[in-house]
Number of protein chains: 2
Amino acid sequence: MDRPVRRPTAVGRLLELLHLRGPLTRAEATTSLGLARSVVGDAVADLEELRLIVVRQAAPTGTAGRGRPSPLLVPAPDGPVVVAAHVGVGTARLRVVRLGGEFVGELASLPVDRAAPAERTLTALAARAAELAREAGGPWAGLAVGTGGMVRHGVVRSALHLGWTTEPVPAEELLARQLPPGVSASVAHECSLAALAERRRGAGRGAGSVLVLTCEHTGIGGALLPDGPTAVGHALEAGHLVVDDRGPQCPCGQRGCLELFADGRALLREAGVTDTGDAALVQAVLGRAARGEPGPLAAARRVAERLGIGAASLVNVLDPDVVVLTGPLKALAVLAREQLESRLADSLVARVNDTRLTVGELSEPVLLGAADLAFDVFFRAPSNALGDTTRRTRTDAD
Amino acid sequence: MDRPVRRPTAVGRLLELLHLRGPLTRAEATTSLGLARSVVGDAVADLEELRLIVVRQAAPTGTAGRGRPSPLLVPAPDGPVVVAAHVGVGTARLRVVRLGGEFVGELASLPVDRAAPAERTLTALAARAAELAREAGGPWAGLAVGTGGMVRHGVVRSALHLGWTTEPVPAEELLARQLPPGVSASVAHECSLAALAERRRGAGRGAGSVLVLTCEHTGIGGALLPDGPTAVGHALEAGHLVVDDRGPQCPCGQRGCLELFADGRALLREAGVTDTGDAALVQAVLGRAARGEPGPLAAARRVAERLGIGAASLVNVLDPDVVVLTGPLKALAVLAREQLESRLADSLVARVNDTRLTVGELSEPVLLGAADLAFDVFFRAPSNALGDTTRRTRTDAD
DNA sequence: GCATTTTGTAACCGGGCCGAATAAAATCAG
DNA sequence: CTGATTTTATTCGGCCCGGTTACAAAATGC
């Protein structure tokens, strides 16, 4: 019924493998992809011609085993790049990511005006991204944006931090119009992207289903990445899990939502610090707690306990293989692991499945996830982003 | 990385289309599938040769528009069947389903002994299924089983109702060994299957993400079918959502779980009926409530209110497009819609997304979902079930 | 009867992958 | 040093699947 999704062909799959696992030999790629040797050989030739990879000399003779040595396939140093963006409150943060997953250049940012219309914000974002991609040098494959709010199929609804509240913004489509042909546009929920990155490259490596909880200064987000080769997971409003049905009223309409007790604001409140909205305050409290100051530490533990109640409930309901805690407050998992895990230990579900609560390993999960999303699009049609000028025929000598 | 999943080819896709939408002309299939006319023509020829479909004469001349009339493709009356099974407490229920989604013959059942080892139960299930498939006549394409517990990739863990609690049971693999070659085995969570069926054929038709809540006599299950062409959704332990953190202790280790307040046992308690474990008792109470008896009606409303709290919380967290309430207690949604929806109306998330709470339309969602799962496997390789070598035994007359 | 419209069919093409045979480049054994 | 062995890469033919094109078939409308 709904199957217009192009599967990556051998060329794309090889490129993806290189992107995820780094340099490989042809032989390793053959076994990893389960393809015939000849197919990998052709794909390598194509990718070389497209200047996406370079074939480096094999390891010097004597180091490998018997047999014919296999040269190493590495992403081309001037290979394709994508721009990953994370649109937060007031600013968007952008980075250029190279094939292989390395950041290129410095973190860039862009002010985001909540009063501006969505089109203008997106146009500015596309322009800044184009500038960064040009500076980075390589061919530009795509732009992927992570944001909060409700995001589905690249359409953003009720993103309070952007001021896009009145009607749905078809952000992906609008961005695509601003980009040169061949450059893909993708828009997804920030937590889904974080989940993607943590499963591929971080704390959730190799796991099946992953539940990501993102504790921020204002609010708690989340995403569930179900088992299987899912493209983008299902974003959760984890902060609006009801923890105390008779608790304080939440703007969301319910009572006693988790994020009333366990986000950055709650930590400041518990620590007796006046919340000016400055993100540094939360980090300061966490820093003091880490240094052992009793007040902040006790505050962190109280917040962690609340968070643990919510996490345990979510684990009980969603039954993920791994829970990854990330966001500005992820240090809680180190400072107050006991409090955080106390409820989880009671849960039969968690015990049966041996659900682990882990700390996010990536410092920029959203940007990394966005980059992977953009590359995924690229892998489905690698020749799109590079001019149609190049001949595809390996044997155009004849 | 993980892509050994074969995509259905044109033959399979056409068969799937026929299965889901009923008889079609070649022309309609061509546009629906977006394939070339010749491909559909070839596929039809193949399917005719495989005796999976028959080509019926076109509508009598004069009824259609201009142009050459197009004959109708219909699933063969002696076409392939699958056996769908739902393993519940004490008994397994089985039905034969024909290509096209119709039940064949009567509901069959099989006692399930909790004390028996898993192998014996599965062997009996496979044997009974083989018997039913033989009676039904057509070639047997597959057996799909829905069950509770924790099911992942066909492996069942901690299925209390089956007594499979000590260690994981690779049910799919064990079943596959009992089945003749060419007959597929699939095992999935009952709620995932119900969600699949309701989205394809029931209350969730056309929706993106679907949250299914199954209210049973003992416990509340659920499943989340994320947006996109997902095979099988993510099963939820919806009954173990914490509704009241200071509530009664639940065997799951938490306090105040939803199912302590809102399953069949809770309804009987509220109605002042002694719970003997008989499923008919719950239906009796619901029937009396439907007839307007004040006591049972008030009990139903109190339970529905609790259920509504849980449903609203889940909606707030999971933000699905549609919520489908099914299971033996789904009548609550009719008897006490107001109470059930009162909390949902408060939820900002539900209001923004206009989340609908609907009643499951299918009387046997689990069996239908299981059948679809088995057919999905069949569609990926339709010739497998029919002699891969030559003709099948059905045609061994020649 | 003839043009028009729609559908089915046959022949050919090309991409993508597989498999077998062959060639290349190392190690190992004498 | 030479030849056997091992591992890898490449070449070539072939299959499968789907697209394209041209043509035939079967209705309507003049």
Side-chain angles (χ1 to χ4, degrees), chain A residues 3-15 24-50 53 55-73 379-384 391-398, chain B residues 3-15 24-49 53 55-73 379-384 388:
Chain A
R3 246 180 286 263
V5 265
R6 238 205 164 59
R7 281 225 311 193
T9 178
V11 172
R13 290 181 60 193
L14 176 56
L15 211 49
L24 292 165
T25 66
R26 273 181 255 240
E28 287 163 346
T30 304
T31 56
S32 287
L33 296 176
L35 290 170
R37 276 212 294 261
S38 55
V39 178
V40 174
D42 285 356
V44 168
D46 286 353
L47 290 174
E48 251 189 307
E49 179 131 8
L50 290 169
I53 65 171
V55 180
R56 273 220 307 250
Q57 258 335 295
T61 134
T63 55
R66 307 239 294 198
R68 173 174 173 175
S70 197
L72 220 52
L73 312 175
F379 296 148
R380 283 173 213 285
S383 50
N384 278 5
R391 279 253 183 282
R392 296 289 320 273
T393 40
R394 257 180 322 115
T395 55
D396 60 349
D398 52 358
Chain B
R3 247 181 286 265
V5 263
R6 235 207 175 54
R7 277 224 313 196
T9 178
V11 173
R13 289 181 61 195
L14 175 57
L15 212 48
L24 292 165
T25 66
R26 272 181 255 239
E28 287 163 345
T30 304
T31 57
S32 287
L33 295 177
L35 289 170
R37 275 211 297 262
S38 58
V39 178
V40 173
D42 285 356
V44 168
D46 288 353
L47 290 174
E48 254 191 302
E49 178 134 8
I53 65 172
V55 181
R56 272 220 306 250
Q57 258 334 295
T61 137
T63 56
R66 304 232 304 193
R68 173 174 172 174
S70 196
L72 219 52
L73 313 174
F379 295 149
R380 283 174 213 287
S383 49
N384 276 8
D388 352 276

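All values below come from the heavy atoms of this structure, side chains included, with hydrogens, waters and symmetry mates left out.
- B/Ala27 and B/Ser70 get closest at one heavy-atom pair: N-OG, 3.9 Å.
- Expressed to the nearest 0.5 Å, how far OG1 of A/Thr31 lies from CG of A/Leu24 amounts to 8.5 Å.
- The CG atom of B/Leu14 lies 6.0 Å from the CD1 atom of B/Ile53; values are rounded to the nearest 0.5 Å.
- If you check every strand for non-hydrogen atoms under 4.0 Å, A/Gly12 touches nothing.
- Separating the OG1 atom in B/Thr9 from the CG atom in B/Leu15 is a distance of 11.5 Å, to the nearest 0.5 Å.
- The interatomic distance linking A/Gln57 (CD) with D/dA9 (P) rounds to 12 Å, in whole Å.
- As a whole-Å value, the separation of B/Leu33 CG from D/dG19 C1' is 15 Å.
- Separating the CG atom of A/Leu72 from the P atom of D/dT8 is a distance of 13 Å, rounded to the nearest angstrom.
- Heavy atoms only, all atoms of each residue included: A/Ala36 and A/Thr30 are closest at C-CG2, 4.1 Å.
- A straight line from CG of B/Leu14 to C1' of D/dC17 spans 15 Å, rounded to a whole angstrom.
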Practice task
Just do the side chain to side chain contact (heavy atoms under 4.5 Å, CB included) check on B/Arg26 and B/Val55 with the steps written out, would you?
Solution key: CA-CA 10 Å; B/Arg26 272 181 255 239; B/Val55 181; 4.0 Å; yes

Handout entry: Reading 5' to 3' through nucleotides 6-14 of chain C, protein heavy-atom contacts under 4.0 Å coded B for base, S for sugar-phosphate only, - for none
Key = BBBSB----

